[in-house]
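We name chains A, B, ... by the order of the sequence lines, and we start the count at 1 in each one.
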Amino acid sequence: MNQAAGLPYLVLLFGFYAVSAVASYLLRARGRWVALGGASAALLTALWVWSLDLSRPLWVLPTGWTIDLEAPLTFAGYTLQLQAHNAPVIAMDLLIAALALLIYIQHCADEAFPALVWLIVGGYSVLALLTGAPINPILVTPLLLIMLTALGVYVLHGERAAGFTGSLRALLPPVLAAPLFLVGGWWLEQIPLTPQELAITQNAGALLTLGVLLLLAPFPLHAPWPAASEESPPVAVLFLSLLYQLSVLYLAARLVNAFPFVYRQSDWSLWMSSLGLVTAVWGGIAAVGAIHAGRLWGYAAVHDWGLIVLALATPGVRSWTLVLFLFALRSISMTTTAIGLSALARQTGTLDMTGLRGVGLRMPWSSAAVLLGGLGLVGFPLTAGFAGHWAALQALAVVDWRPAMAIAAASVGAMLGYVRLARLMFGAHDSRVLAQESTLSAGVAVAALIITLLIATTPQLLNDFVTRALAAFG
Amino acid sequence: MNLTPFAVVGVPLATGPGILLLAILAASLVLIWDWRWALPGAVIVALGLSSVQAVLHGAAPLVTPSQWLAMIVAGVLLGLAGRFNPAAARLHTSSNWLTRLIALLFVLGAWWVIDPGVSLPLFTQVETDLVLWTGLCGLLLVSLSAAPLHTGIGLLLLMTPLQAIAAILMPGAGLTVVAGIAQILIGLGCAYLTLAQQLPQGTQRLVAPLPTLTTQTPPAPSVARGLFRQRRQALARQTSGAPMPGAAGEGGREAHTPLEKNA
C-alpha cells in the first residue's frame, strides 16, 4: 500500500463533499443560489478530476504543501484510492450531480435536495473508489448500493411526490442481488484451493452473473423507474437513475475484467441478450399506452436501457465502447426531457397528458425539450439517441436480424406515444391553461435543445469522452 | 461449550420443532398481515435465525449482537412510524387473506414441483430451507403490499438471508456491520415514507363536534324612554344578525341534536 507523501487528495475531495452538503442544508432557504453555486462547483470539480494526470501523483503547492493524488484512505480494512480506472467514474458522478443541480435551479421544489445530492454523490464516489476490502471490493458493492438506494428514498419522495411505489421498488434489486454476490464470492475463494474443479468456477460465474443481472434491473424488475418517473420530480429520477446505472455498469465492467470466466463459463451472453431484448421491447410496448408524460419518459428510458443491457451480452472493447456511447447519449436525452418536464410540472401542476392539452402553445421550448429528449431515448432520427441506436441495431443485425427488427418495431411504439403527446400539447388550445414559460425555463430548454441537436448532427463530439471513459471500463 | 446469551436463545430453536416454529411464524406474517403482528413477528424470525446460527456455527461473539441490534433498531423505527400513523398501514391493503393463502400455497407448490435443489455452502439443508423460506415470505410481503410499512417489514425479512450468509460465509470481513447499517437505513427510509404518506380526505378521522350548551344572556332590560330609541335597537339587531330576544326558546337553550330539534 502506498504511504501518503503529503495530504491525501481524497481527504480534500470528501471534505469538499461534506462542506457542500452542510452548507447546502444550512442555506437551504436560498435554494436557487445554493444550487447554482453547487452546480458550478460540481462542474469544475468534474472537469478537474477528468483532467487529472495520475502519472504525476504529487502536487507541490506554492505554500510548500504537497498533495498526494494516489494516497489511499483506509478505515476498518476498507481502502479508498484514486486510480486511473476510477477517476473518470468520479468525474461522471460529479457531472450528473451538476446537471441535477442546474435543473433544480428552475423550480427549487424540495429545499433539502442540494444537500442530499452531495450526500449521495459522496456515497457513489466511495463505491467507485473502493479498491481494497477484507474481501474482494466487487462483492461489497451491492451492500453499499442498498444503502445508497435507501438514501435515495428521500430524494425521490420530495415535497411534490405523488406516491412512493417507485422509491420502494427501487430497493428490491440490490437487496436481492447482495446475497448472490456473497455466495458467489465464497465460491471464488474456493477456486485457488481446487483449481481443477470446473464446477466451482461455474457456480461462481452463475451466481455473479445472476447478481449483476438483478442489479441491472431488466424486465420484470424494471418497474421502479417508470413508477418513479410518474410520482417523483423528474430531476430526482434523472439524478438517481443515472448514478445507479452508471455504478452498475462500472461494477459489471470490473467484474468481467477481474474474473473473465464469469461470462465465459456462465450463461451471461444468453441472459443479457434475452432479457435486454425483452426489456427493450416491453419499454416500447408499454409506452404506447402511457397516459402520463412522466411515465412515458420512464418507459422510453426502459427501452433505451434494454438496448444497453443487450450490448453487454458480449463484453469486450467494442461492446464497452457502444455501451458508453449509448449511456452518454442516454444522459443527454434524459437531461433534456427532465428540463422540459420540470418546467411543465411546475407551471401546470400535473404531467397527466390530458392536463397538458395545449400547453405546447404557451410553453413551446419546454415542450420541445420533452419531445426531443424523449424521442432521443427511442432513437428517433435527428435526435441525440439516433446515432447510438442505429449503431447498436446495425451491430445486432449482423448477428441476427430478428431481434434488431423487434427492437425497431418496439421503438415505433414509443414514438407513437410521443406523437400522441405532441398532438395533445400542440393541439386544440385549452382556455384553462394559463401557464407561461419563464425566461429561465426557456433559456435552459433552448440550451438543452442546442446541445441535443449538436450531438444529433455530430455525434463524433463524444469520441474523446468515450475514449477516456473506456479506460475505466475496457 | 460456552454459549453467549444470544446463542442460548437459539438452543431450543435449533431443533426440528424450533425451525418449524420459525417457518410457520414467517408464513403467518403473510397470512395475518396486520402490521402489529407482522412487525414483531419479522423481528422474532430474524433474531431467532441469528441465534440458531450462533448455536450451529459458533459465530464470532460480536456478530450475533450486532445482528440483533440492527434488526431491533430497524424494527423500532418501523414500529414508531406505524404507531404514529396507523391509518397509513391500512390504506393499501392489496389482497384478502384467501389471496395471500393461495399465493403462499402457490410458492410452496412451485418450490416442491420445480425443486431447484438450492444448497448454500456451509449451511445444512434444513437451515438453507429456512433461510430461503424466510426470504420468500419477505418477497411475498413486498410483492403483495403497496404500503411502505408492509414493504419495510418485507424488506427486513428479505435482509435476513443476507445477514445469515454474510455472517457464516464471510466471517471476519465485517460485512455483518455493513449489512446492519443497510438494514437500519432501509427501516429508516420506509418509516419516513410511512410518516410522509398523505391520507386521502375520506380516510381521515372525522370528529363530530359535541353538542354545546350555550346559555343566552337575556338582554338587559333597556329602559326605552321613547319610541325612536326602541326602533333603533330593533333595527340594529336585524342588521347585525343577532337573534331577537326569545328566539332561542324560553330557556335560552339552542337546539343542536336532531332529538332536540324535533322536540
Closest-packed option against chain B by number of heavy-atom pairs under 4.5 Å, given A:Leu148, A:Val140, A:Val175, A:Leu139: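 The residue among A:Leu148, A:Val140, A:Val175, A:Leu139 with the greatest pair count is A:Val175.
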task: Sort out for me which of A:Pro179, A:Pro174, A:Gly77, A:Gly152 touches chain B most, counting heavy-atom pairs under 4.5 Å.
output: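 It is A:Pro179.
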- Would you say the side chain of A:Trp186 lies within less than 4.5 Å of the side chain of B:Ile165, judging by non-hydrogen atoms?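 Counting from C-beta outward, B:Ile165 and A:Trp186 never come under 4.5 Å.
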Next on the checklist: Taking the side chain as everything from C-beta on, heavy atoms only, tell me whether B:Leu185 gets closer than 4.5 Å to A:Ile146.
Outcome noted: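 They are not in side-chain contact.
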Rounded to the nearest 0.5 Å, what's the gap from [atom1] on [X] to [atom2] on [Y]? Could you check?
X        : Y        : atom1 : atom2 : result
A:Leu171 : B:Thr151 : CG    : OG1   : 9.0 Å
B:Leu162 : A:Leu143 : CG    : CG    : 5.5 Å
A:Ile135 : B:Met170 : CD1   : CE    : 4.5 Å
B:Ile168 : A:Leu182 : CD1   : CG    : 12.0 Å

Please state whether the side chain, the backbone, both or neither of [X] comes within less than 4.5 Å of a heavy atom of chain B.
X        : answer
A:Tyr78  : side chain
A:Leu180 : neither
A:Glu189 : side chain

Is it true that, when you exclude [X] itself, more than 12 heavy atoms of the residues, nucleotides or ligands shown sit nearer than 6.0 Å to its [atom1]?
X        : atom1 : value
A:Ile291 : CD1   : no
B:Leu62  : CG    : no
A:Trp282 : CH2   : no
B:Trp68  : CH2   : yes
A:Phe261 : CZ    : yes

Examine whether an atom of B:Leu188 lies under 4.5 Å from a heavy atom of chain A, and if so say whether it belongs to the side chain, the backbone or both; otherwise answer neither.
->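 Both parts, backbone and side chain.
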*Under 4.5 Å heavy-atom distance to chain A, tell me which part of B:Ile186 shows up: side chain, backbone, both or neither.*
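Backbone plus side chain of B:Ile186, per the 4.5 Å heavy-atom cut-off to chain A.
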Shortest non-hydrogen contact from [X] to [Y]?
X        : Y        : result
A:Ser167 : B:Leu193 : OG-CD1, 3.9 Å
B:Pro148 : A:Phe164 : CD-CE1, 3.5 Å
A:Pro134 : B:Gly172 : CB-O, 4.3 Å

* Asked: Who are the salt bridge (Lys or Arg N to Asp or Glu O under 4.0 Å) partners of A:Asp267, not counting sequence neighbours?
  ->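 In terms of salt bridge (Lys or Arg N to Asp or Glu O under 4.0 Å), with neighbours along the sequence ignored, A:Asp267 is linked to no residue.
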According to the interplanar angle, ranging from 0 to 90°, do the rings of A:His157 and B:Tyr192 count as parallel (below 30°), tilted (30 to 60°) or perpendicular (above 60°)?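 Because their plane-to-plane angle is over 60°, the rings of A:His157 and B:Tyr192 count as perpendicular.
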* To do: Return the option, out of B:Ile184, B:Leu158, B:Val177, with the maximum number of heavy-atom pairs under 4.5 Å with chain A.
  =>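 Heavy-atom pair counts peak at B:Leu158.
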Heavy-atom pairs under 4.5 Å with chain A, option from B:Pro121, B:Pro161, B:Gly174, B:Gly189 with the top count: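 Top option by heavy-atom pairs under 4.5 Å: B:Pro121.
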